[in-house]
Structures are given as C-alpha cells and as structure tokens.
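The structure appears right after this line, and notes come after that.
Worth saying up front: this structure is predicted, and the values here are computed from it rather than measured. Proteins get letters first, then strands, A, B, ... in listed order; numbering begins at 1 in each.
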Amino acid sequence: RGEGGDFERLVSTDGRVEPRDEMPDAYRQTLIRQIAQHAHSEIIGMQPEGNWISRAPSLRRKAILLAKVQDEAGHGLYLYSAAETLGVDRSELLDKLHNGQQKYSSIFNYPTLTWADVGAIGWLVDGAAIMNQVPLCRCSYGPYARAMIRVCKEESFHQRQGFELLWTLSRGTERQRAMLQDAANRWWWPALMMFGPPDTGEAAKGGHTEQSMAWGIKRFSNDDLRQKFVDMTVPQADKLGVTLPDPDLRWNAERGHYDFGPIDWDEFWRVLKGDGPCNEERIAHRVSAHEEGAWVREAASAYADKLASRSTGAVA
Amino acid sequence: RGEGGDFERLVSTDGRVEPRDEMPDAYRQTLIRQIAQHAHSEIIGMQPEGNWISRAPSLRRKAILLAKVQDEAGHGLYLYSAAETLGVDRSELLDKLHNGQQKYSSIFNYPTLTWADVGAIGWLVDGAAIMNQVPLCRCSYGPYARAMIRVCKEESFHQRQGFELLWTLSRGTERQRAMLQDAANRWWWPALMMFGPPDTGEAAKGGHTEQSMAWGIKRFSNDDLRQKFVDMTVPQADKLGVTLPDPDLRWNAERGHYDFGPIDWDEFWRVLKGDGPCNEERIAHRVSAHEEGAWVREAASAYADKLASRSTGAVA
Amino acid sequence: MDKTIAPADVTATYLLGLADDALIYTQRLGEWMSRAPQIEEDMALGNIALDLLGQARALLTRVGELDGTGRDEDALAYLRDEREFRNVHLVERPRGDFGDEMARLLWFSSYQFELYSQLTSSTDEVLAGVAAKAIKEVTYHRDHATQWVLRLGDGTPESHARMQAALDRVAPYVDELFTDTATDEAATTSGVGVLPSQLRSAATAYVRSVVDEATLAMPAEPRRRARGGRDGIHSQAMGYLLAEMQHIHRSHPDATTW
Amino acid sequence: MDKTIAPADVTATYLLGLADDALIYTQRLGEWMSRAPQIEEDMALGNIALDLLGQARALLTRVGELDGTGRDEDALAYLRDEREFRNVHLVERPRGDFGDEMARLLWFSSYQFELYSQLTSSTDEVLAGVAAKAIKEVTYHRDHATQWVLRLGDGTPESHARMQAALDRVAPYVDELFTDTATDEAATTSGVGVLPSQLRSAATAYVRSVVDEATLAMPAEPRRRARGGRDGIHSQAMGYLLAEMQHIHRSHPDATTW
C-alpha cells in the first residue's frame, strides 16, 4: 500500500483496485469519465421510456414500465455513488451533463415513436448494454465492478421483459406486428452503433481501447462485443418473426458468426455531435427538471442543517 | 342638443341616444357596466368551447367550432368598441375583468365535459343569450343597439348549429344519445339562471329592472324572458328526444305557457360569488393569456410610435 | 349519475371510486418520472405510483367481477368515458410544482390511511385484503409527504412561501375527500365501506400536526370547493388526461392482448 | 416507409404530405384561441387555422378518392396512426410564445406561397383548384406574419430579443420544408407536384427580406435539422397531439356521423 507498484500488481493479477488505493491519475480520470457517462445514460434513458408511461396500453405494462424507469433512476444512483468514490460529486457530474462537457449514450437521442419502441429498447438497447456491461462486472475498479453486478442483473430482467412485450405483439393483430417490425427497423442500426466505432484491425490505432484493456477496465474490443450481440440477437429476431433491416445479414459457417452489412458511421458521428432527433430535447428536459427542483434541494439542505444545529444545540 | 331635456325626450320617444348626446351619469355607468359584462362574457365564453377545438370528432365540426369561437372574439370586439363610445377604454375594462371588479356571465363557470356540451351551449346558452339580446337591438343607446343587431344575427346562426349538432347525436348511437341527454341534464338549469333572479311580483322591489326599463335599456323582465325561453325550448327538446331534468315541467293551457319547477338560486349565488366549478380557472386562463401577451402589445405600440415619428420626420 | 350510468351494484360503484382515485393519481405521479427535483425522488414517486397502480388493478378487477359486465381491469381503465370515472378532483388536478405534489400527497395519503385502516374489516373480502396490503404502503406515502412538507415548510424562506402557497392551492380539493355520497351510505350500511365524513377529523388532525410542525398555517376555508367527482363530474383537465391514457389502447380496438 | 405504409399512388402520397401539414398546423394554431396577446389576434389566428383546415379537408378528400381505400377526410384524420402522418416537423412543434408562432408562420406561409403559386398548374385538377384558392389565403397569412415580425423585431428591445430567439429556435425545422423525397420527385415527374428544393431560394429570399427589415438577423446554420416527417418519423410531441385530436373520434368506433 502506498507504493506505486501496488496498482500495477493489482491490475496485472486481476485484483480489485479500491478507493483507498493509490492509482494513476489517468486511470482515475478515465474511470470518472466512463462511470459518469454510464450514470448519465441511465438518467437520460429514463426519458424515452418515460414518454410511454402515461400511454401504456395495458395496466400490467404500465406497472412494468414504471418499475423499469424507476430502476434506471436506481442504476443512475449506484453509478454516481461509484463515481463519487473517485473524488468527484454527483452535482458536479450533473453540471457537466447539463453543460455538455460529459456525454450520455447517443442511443437516447432517438425518439420513442410507438409503443413497440418500449419493447425494442428493452430487447435491443438493453441487450446491447448488457453485452457491454457484463465484462465490467470484472472491471479492475471494485466499486464500479460491484455496481455493474447489480445493474446487469436488473438489466437482464428488463431485456427479457422487452422481448416478452414484443413477443406479445408478434402474436397479435396485423397492426401490432407491423408496429413491431417498424420498431426493429428503426432500432437495429442504432443498437449496433452502441458498441462504438471499430477498434480492431486498422481502426485499433489511436483509440483508447488498448489502454483501457491494459488497465482492466475494458475486456473486449467494440467489434468483438458487437459481433457477440449480433450472434445473440439474430435468432431472437427469428423467434419474433422480425426481419432485421440488413440485406447482408447471414450466417457465415466458416467464421461461426453472422456477417452483417456496413454501419453508417456518418449517422453515428452526426448524432453524437448534436444533430440527432432528440439531443436538444433530452438535455433541455433534464436541465429544466434540475432547475425547477433547485428550490427543493436547497430547502432539504437548509432543513438538514437546522436539524443538525438543533441537535448540536441540545447537546451543548 | 346640450339641454338636459333631450335625453328624456329621446328615451321617452324610443329614439336613440348617441355618444355625442348628453346623458345622465347613472345611465352612462349602467351601460358601461352592462356592455362590459356582455363583452367579457363573449371573451370568457371562448374558453369552454375552445376546450373542444382540438378534440372535435369530425373535421367539419372542428371548422364550425373554430369559426364560432372566432365569432365570439369578434363579438367581444364590437362590444368593447360600443363601451368605448361611453368614454372608457378596452384595456381598463379588461383590467376590471381580470381583477374581479367586473363580472361575466356565470354560465361560463361551468365546465364543458363532453362533446355534446358544445352543442348544448349552442342550443341552450346561445338560445338564452339571444332571448336576452334581441330586445337590446332596440336599446336606447345607439352603438349598443347596433352592435347587438350584428351579434344577434351571428348568435342565431350559432344556436342553429348547436341544435344541429345535437340533432345529429340524437340520430346516432346509444352512447351519442346518452351524451346528449347528459348534456341537457347539466345545462338546462344553468341556462334558466342566465336570465337572472326573479324581478317580478314580490321580487321586483329593490332591483335594477325598473330603472333600466325606464331608460329603454331593458324591455322585458327576467321572468318574462325566462318564460319565453322555456316556451321556445321545450318543443325543441321534444324534437331531440331529450327529457329536460324538471319533473314539474308541463304545459299549462290556462296560462298558455309551460310551468316549470323552482330554480336553485342558492347554486346561482354560490357560483356567482366564486364557488363555481371553473371560476378560478377562467380568470386565471384569461389573465395568463393577457400577461403572456404583454410584450407583444408593447412591441406593437412601440413600433406604431416609431412609424408615426418616422413619417413625421419625413414630412419635416 | 348513480341511477343511470354507474354499475348497479353498490359495492362495485363504491369500489370504483377508490379504484379511480388510485388509477388517476398514478397517471399524475407518473408524469414526475425524469422530472423530479432529485433522482431519489424519481424513485420515491415511482414507488408510490406503483403502489397506487397495484391498488387500482386489484380493485378494478373486483369491480368487473361484481358489476356483472365481465370487464377486466383494462376494459375498465381504457374503455370508460370521462363521465363514468368516479375519482375525486384532487387526483386529476394537473401536476403543479413539487410543493403542490407534496400537499396533494399529504392530504391523499392521510385520507387513504384512515380509509384503509377501517376497510381492513370490510365485509367484501377482496377489499379487506386490498386494504390490509395498502395500509403498509400508504403509511410510507404519508410519511414521505410528511418529511417533505417539514423540509419545505421549515427549509428556506422561498420553500416556506412556496409550500404554504401549495397548501392553499390544494385546499379547495380537500372537502370532496370527506363528503358522503348515497353510494357511500349504502356501502357503509352493507358493511362494505366506510363513510368518508367519518375519516375527516383524524385525517385533518394528522395534516394539521404536520403543517404546524412545518411552521406553516392551515389554509383558511377556501372560497370554492371541488365537487361531483364521484358522480362523474370532473374538471376540464380530466378529458386530456384520459385522451393521453386511453389513446393507444382505443386505437387498437381489435387487439386482445398487449 | 413509402414502400410499406403510404398509399401506393404517388399522387395520393404527395397530397397527403400537403394535407397533413395543413391539418397538424391547424391543431397547433387552434391552441391559440382564447390565448392570443390581443383579441384581434385570436380572430386572425382563428382565420388562418380555418383556411388551413379547409385546405386539409379538400386534400384529404382527394387522397381518399385516389388511394383506393375509400377513406373520407375523417377516416384519414382520425384513424391513421402516427407513423402514417406525413407532415413536416415544423407544424407539429409544440406551441411556443407568440414570437415562435410568428417565426413558424412566416416560414410556413412563405413555403406555402411558393408551393401553391406553382401548383395552380398541377395536372391534378383538384390540387390545382385547391392551390388557386389557397394562394389568396396564404398571401394573407404571409402578410400577417410579416407585419408581426416587423413589429416584434423593430418594436422594443425585449421584443427584438425574443423575436430573434424565436427565429433561432425555428431554424432547425426549415430545411425539411425544402428537402425532396422520392415521392416529390415522382409527383414532379408526373406533373402533379413540384420539387420542394425549387421553392427554397424564393421562400428564403422573402423571409430574409422581412428579417432584414425587422432589424433581425437570419440564424446561423443550425447544429441540428429536423428530418423524416414525410416518412412518418415524427418528434415525441406528435403522439400527444394525435392522442388529443383523435381521442373522442376513436372512443366511438361505431358512430357513423357527428
């Protein structure tokens, strides 16, 4: 403890770095950025799904959706707490979300246009998120790894619920099935983009992947995770009777994987840089909730101070 | 002209008093109050019907309703203009509406709960209004009388449209007919209250009716107008297949009129004094439109001043 | 309305009022998701909404069994028209600021607390069961509202003023909670229900104790009072709430499952 | 979307875009009734809404004749789902302040002015007739917006700032008005329609002249651009607009007349 060597040894032996351990500043900053982005994604992710709470077409689905959006708030909290162990605080991170210094997952810049989108988010977006997150349960930073274990457990539950919602539509009327197909058409490619730009082969040069892997934060490349996701999801689409919107998608027996067509990275970068359908709306919604709640948070803090000083007074 | 006798002579010979004529201050104040209340009723009356523009169940009805609400704005304008001939201005009258110093017809403190209410307002509320207003076309004050001629013409059109809407419902499904009956149940008594409290027999003492009649502002008592309205409306209800919610309602061959049951004047006074379903809402809606528009009105006025001073500058 | 539109069975009609209160309040609380002052509060309001939705579902299902129409919870929630909803105006009131929500929740949970405390001995076993479960939930709701009214009332000068204003704005909706209808009387006679008027003093005493401790004042007698919700007479806000809630369901009349 | 959901007939699909623009903008303008800054403006916005509703009704009726489904104007307005609406995002944008509305109206009426000026010679006679009538209406709409942008831009410092901010907020929605779709190209080839891209410079020049005279600045290239409306990809506001518009009609599936 206290020696520079501890960190290297911990990481190289697949041990867990804990908050009290020394760690390189770059490692700390990378983690803060990544955990914050992850937390922000949970919080912003409440909006596209929250959009359907009032309109859910059955009370059972309304309850499931309410519980899911509530879980996302919970995930946000665990993750902000994990980030706080690295010496930042939540309000600082929220400020950076609000002023654009920190990002959230670009997938949430797409709108939820039909009820089937709620299912598609569970099936595809949560599915992709889990693929990204399961390896993080073995992340070198202990608090993050432990938060991810809890998050992943709940996310798999959400993913199954999303699939089940779509399965119900797939057994439904023609219009329900059309709604399902349409949602798959719109969410498939953005879901594939969630793994980030290519980081193997030529594209490996200059990215963060290598360093993150060395630090035990990242375990698989974006491309490997994306392939795993495609391999997992195509059979599920078959079960739903959905045609995924990729004419190049086919089983490659030689590789033992599904081949898939080229991803429109121009769209990815465009949306990431602000020209997505909902970028402004998501941040404006979040900022307005934050600003409208300022007086409440101030009151809670003033009241806590009063209570503390009263109990001090009583003691004195 | 210029002699006190002119006014008395004009009024007693059923002539028209014009803005440039001298008139007793009490006459002027009575007219201002009455015309302003009438104008305010048109403006506030836009709200209960405007409530259904976005939800009208056919595009044809949506167009009719839009046009009707727009006509009400127009009526408000004629009437404020008529009031302005008496030496007040619109903004002053609007302030008095907003701060509660002047009233509007209490009927608009009831909510429009179903689509049939739009028809019921046309049939019953406009019907009662016309009954009140037709005699005002012969009012002793010229500008008011002329405004009323125009208003009454349009109101009769609205009244027929309202009836036609309900007639369509009466030929419709069971649920459409139930909606019609329910609207009649809820609007019948408030419509009868629109003629104001009793002002004949015992009740005649201490009211304003006598003076207003002497001045040629009022031509019939509240009770006479109410009776005329009942006599006109009962056969229309029959045509619609509607049962009016009054067990005492029946033809009295001896009187040559319909008898009807006692009116709940407690409800009338309660609503008038502020404890109606929508009093707060109507005024709050109106005040907020007014306040949100303040910057626009100020800009229009500043711009008009600039134009005026530019054209003066060009001349000089 | 009781005679013409409401289900014939008194118990069903009585339960429908309780169910609609919970359902419509769920709609309003759900609007807070992603809009609360802090993330913990998104979670808390979501929890409360879920509890109320659970109550609504159990009660609606029971109504469908009792009233002879064979409607399930969804038919009752999605396919009734505005005039057939029997909730009080308090719960349909449009979402205001967080102070308004805590004022509404304090009154509503104090009412529900007294209500369900008594209904555990309802002769309708389903209702008694719902009440037994709900009482634990409602105790938490009431405590949650209490804590916030204390914090806001005794927090900053701004929050004190805003919390007081919120209590004043909610005041016109309180009386309806404790007003007996003919259905209440019949349901009480049959041992199914309880008279709302008998809940008034305990609920009011609780609210008053919170308001006092929060250094706030109980509002003066309001100039107007909401009425008629139990007879299906609602505010103009209700139609918009139902349009939103029912639109997708009603847009698929031939769908049998979601 | 063109391949799967939209009516097969290109003309019908083309007209549906124009109809939906008018219909959805009618909904937003109708929200101003009783909420305008002055009574004259309630009347003016009501007039404009009525004109647009008239266009929408004529065009929807024509769509129903052409697309072979036999739907009347009401079936098309009330019984389509969100993904089947082909309007641009500009018209579905939630009502902002009066400056936002005038910025929207200036752009939309300038677009419609150029559009209908050309469509008077459409090979579809119904469309040519609608255009001939609409051109007079739209001339008034454009003039009305122009007068207000001048007053607000060159009025008070506050109104200048607010009008500029409104122009900036509307900027992301302008490009879509002038973006050609495959349907536009096919309809232009057949002589029914006109390419939106060919309307851009004249409409923009008009707006620019007004903005200049109003002492305002044309907004910089916006960071984001709305897209997809003609393919039925809308903003999240659209579902709520349709819920409100369609709820009563959809609540009475067996009603044949209103």
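- Heavy atoms closer than 4.5 Å to chain B are found in the side chain of Trp148(D), but not in its backbone.
- Sorted by first and then second residue, the ring-ring contact (aromatic ring centres under 6.0 Å, His included) pairs involving residues 39-74 of chain D (not counting sequence neighbours) form an empty list.
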Under the side chain to side chain contact (heavy atoms under 4.5 Å, CB included) rule, what do Glu292(B) and Phe98(D) come out as? Steps first, then yes or no, please. CA-CA 9 Å; Glu292(B) 283 165 17; Phe98(D) 188 71; over 6 Å; no

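- We find the CG-CD distance between Leu94(B) and Gln38(D) to be 10.5 Å, quoted to the nearest 0.5 Å.
- The residues Glu298(B) and Arg162(D) are annotated as not salt-bridged, no charged nitrogen and carboxylate oxygen being separated by less than 4.0 angstrom.
- For Ala77(D), the part sitting under 4.5 Å from any heavy atom of chain B is the side chain, from C-beta outward, and nothing else.
- In terms of heavy atoms, His249(D) sits closest to Pro57(B) at ND1-O, 2.8 Å.
- With a 4.5 Å cut-off on non-hydrogen atoms, His252(D) touches chain B through its backbone and its side chain both.
- Contact of Leu59(B) with chain D is made through backbone and side chain together, with heavy-atom distances under 4.5 Å.
- Of the atoms belonging to Asp72(D), not a single heavy atom falls under 4.5 Å from chain B.
- Side-chain contact between Trp295(B) and Leu152(D): present, with at least one pair of heavy atoms (C-beta onward) separated by less than 4.5 Å.
- Residue Ala36(D) touches chain B through its backbone alone, counting heavy-atom pairs closer than 4.5 Å.
- The minimum heavy-atom distance between Tyr303(B) and Arg151(D), with the atom names listed, is CD2-CG, 3.4 Å.
- With a threshold of 4.5 angstrom between heavy atoms, Leu241(D) does not approach chain B through any atom at all.
- Nearest approach of Ser34(D) to Met46(B), heavy atoms of both residues: N-CE, 3.7 Å.
- With a 4.5 Å cut-off on non-hydrogen atoms, Gln27(D) touches chain B through its side chain but not through its backbone.
- Heavy atoms of Leu23(D) lying under 4.5 Å from chain B belong exclusively to its side chain.
- If you tally non-hydrogen atom pairs under 4.5 Å between each of Arg90(B), Arg175(B), Arg55(B) and chain D, the highest count goes to Arg175(B).
- The most heavy-atom pairs under 4.5 Å with chain D, out of Arg171(B), Arg286(B), Arg60(B), Glu72(B), come from Arg60(B).
- Among all heavy-atom pairs drawn from Ile43(B) and Ile39(D), the shortest one is CD1-CD1, 3.6 Å.
- Each of Gln176(B), Glu49(B), His290(B) has some count of heavy-atom pairs under 4.5 Å with chain D, and the biggest count is that of Gln176(B).
- The closest side-chain heavy-atom distance from Gln70(B) to Asn47(D) is below 4.5 Å.
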